[in-house]
Amino acid sequence: MSSFYDAVGGSDTFRRLVDAFYAGVADDPLLRPLYPEEDLGPAADRFRMFLEQYWGGPKTYSEERGHPRLRMRHVPFRVGPAERDAWLRHMRVALDGLALPKDQETELWDYLEKAAYFMVNTFDEE
Ligand code: HEM
């Protein structure tokens, strides 16, 4: 059975999504300081490998990083509602840029939106 990963266009599609997303993050005054490394490239690779694995593509993410435990991995970073909304705004632009068929786009977006809400780890105002 063909995976969602294959159906949307495989690695090329996930690369385009993640590259466009990180282009937004690179210029974002709220999100950019959260990323510990000066070079966003390695973070983009980790995110892409995770998404590829999640949607039925290669399992490279877990080979290199182990179990995702994404909520735990985000604990060191402040992810409040404002960070979540900024994250989703860049993701929306990146996803629109792919111009996928509507059903595929909706499936991806629903997942990403739920995942972003799940990642919130503080409601403290700063
Ligand atoms: C890593 C921020 C949501 C997947 C990171 C990192 C930051 C971050 C600062 C560390 C960068 C690095 O890898 O060096 C955020 C913020 C979010 C968010 C502000 C707002 C809600 C999400 C969501 C997903 C995700 C929804 C999945 C759908 C990942 C993955 C990594 C990561 C896979 C790398 C984990 C690892 O292997 O170390 N994120 N993230 N993030 N994030 Fe997020």
Side-chain angles (χ1 to χ4, degrees):
M1 203 181 72
S2 159
S3 60
F4 186 81
Y5 169 83
D6 288 324
V8 295
S11 191
D12 183 55
T13 296
F14 288 95
R15 253 173 227 283
R16 288 197 291 135
L17 178 69
V18 168
D19 286 354
F21 171 74
Y22 271 97
V25 169
D27 288 333
D28 189 304
L30 186 63
L31 295 184
R32 183 63 187 88
L34 294 178
Y35 289 80
E37 290 171 299
E38 199 181 319
D39 179 4
L40 286 174
D45 284 341
R46 289 188 277 273
F47 186 35
R48 176 185 49 77
M49 290 187 300
F50 169 79
L51 290 175
E52 291 183 356
Q53 172 170 313
Y54 179 87
W55 292 104
K59 306 248 180 285
T60 322
Y61 178 85
S62 281
E63 283 161 25
E64 293 191 7
R65 307 289 294 162
H67 190 287
R69 299 185 205 286
L70 283 191
R71 213 164 180 286
M72 192 190 80
R73 288 193 204 259
H74 285 75
V75 168
F77 313 113
R78 178 190 165 84
V79 186
E83 287 79 5
R84 171 200 68 206
D85 291 347
W87 192 100
L88 280 169
R89 209 165 53 240
H90 296 301
M91 189 50 83
R92 186 69 248 183
V93 171
L95 186 56
D96 287 346
L98 293 181
L100 292 172
K102 199 75 206 158
D103 58 332
Q104 294 179 350
E105 184 184 295
T106 303
E107 191 161 347
L108 262 170
W109 179 251
D110 286 353
Y111 163 75
L112 291 163
E113 193 176 40
K114 282 198 192 79
Y117 272 74
F118 175 68
M119 226 56 86
V120 170
N121 54 29
T122 178
F123 288 93
D124 292 348
E125 298 193 13
E126 212 173 33

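Sequential numbering from 1 along the given sequence is applied to the chain's residues. Counting starts at 1 for both ligands and their atoms, following the listed order.
- Interface of A115 with ligand 1, defined as ligand atoms under 4.0 Å from a residue heavy atom, comprises 26 (C), 28 (C).
- The backbone N or O of A86 sits nowhere less than 3.5 Å from a side-chain atom of D28 that would complete a donor-acceptor pair.
- With hydrogens and angles disregarded, a donor-acceptor distance shorter than 3.5 Å links the side chain of R73 to the backbone of P68.
- The two residues E105 and K102 make their nearest non-hydrogen contact at OE2-NZ, 3.1 Å.
- Residue F118 does not touch ligand 1, judged by heavy-atom distances below 4.0 Å.
- M119 CE, 3.7 Å is the protein heavy atom nearest to atom 24 (C) of ligand 1.
- For ligand 1, the atoms sitting less than 4.0 Å from at least one non-hydrogen atom of Y61 are 35 (C), 36 (C), 37 (O), numbered in the order shown with element in parentheses.
- Closest to atom 16 (C) of ligand 1 among all protein heavy atoms lies W87 CD1, 3.5 Å.
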Fill in: Evaluation steps, side-chain contact (heavy atoms from CB on, under 4.5 Å), between R32 and L40
CA-CA 9 Å; R32 183 63 187 88; L40 286 174; 3.7 Å; yes

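- Ring centers of Y22 and Y35: under 6.0 Å apart, within the cut-off.
- The protein atom (non-hydrogen) at minimum distance from atom 11 (C) of ligand 1 is Y35 CD2, 3.5 Å.
- The closest side-chain donor-acceptor pair between D6 and S3 falls under 3.5 angstrom.
- Taking each of R46, R73, H74 in turn, the one with a heavy atom nearest to atom 32 (C) of ligand 1 proves to be H74.
- Within the 3.5 Å criterion, the main-chain N or O of S11 finds a donor-acceptor partner in the side chain of Y5.
- Contact of the V18 side chain with the D45 side chain is not registered, since no non-hydrogen atoms from C-beta on lie closer than 4.5 Å.
- Atom 6 (C) of ligand 1 has F77 CE1, 3.6 Å as its closest protein atom, hydrogens excluded (heavy atom only).
- Nearest non-hydrogen protein atom to atom 19 (C) of ligand 1 is L34 CD1, 3.7 Å.
- In summary, the atoms of ligand 1 found under 4.0 Å from a heavy atom of L70, numbered by their order in the structure, are 4 (C), 27 (C), 30 (C), 33 (C).
- Checking only distances, R65 does come within under 3.5 Å of ligand 1, N or O to N or O.
- For atom 28 (C) of ligand 1, the closest non-hydrogen atom on the protein side is Y111 OH, 3.5 Å.
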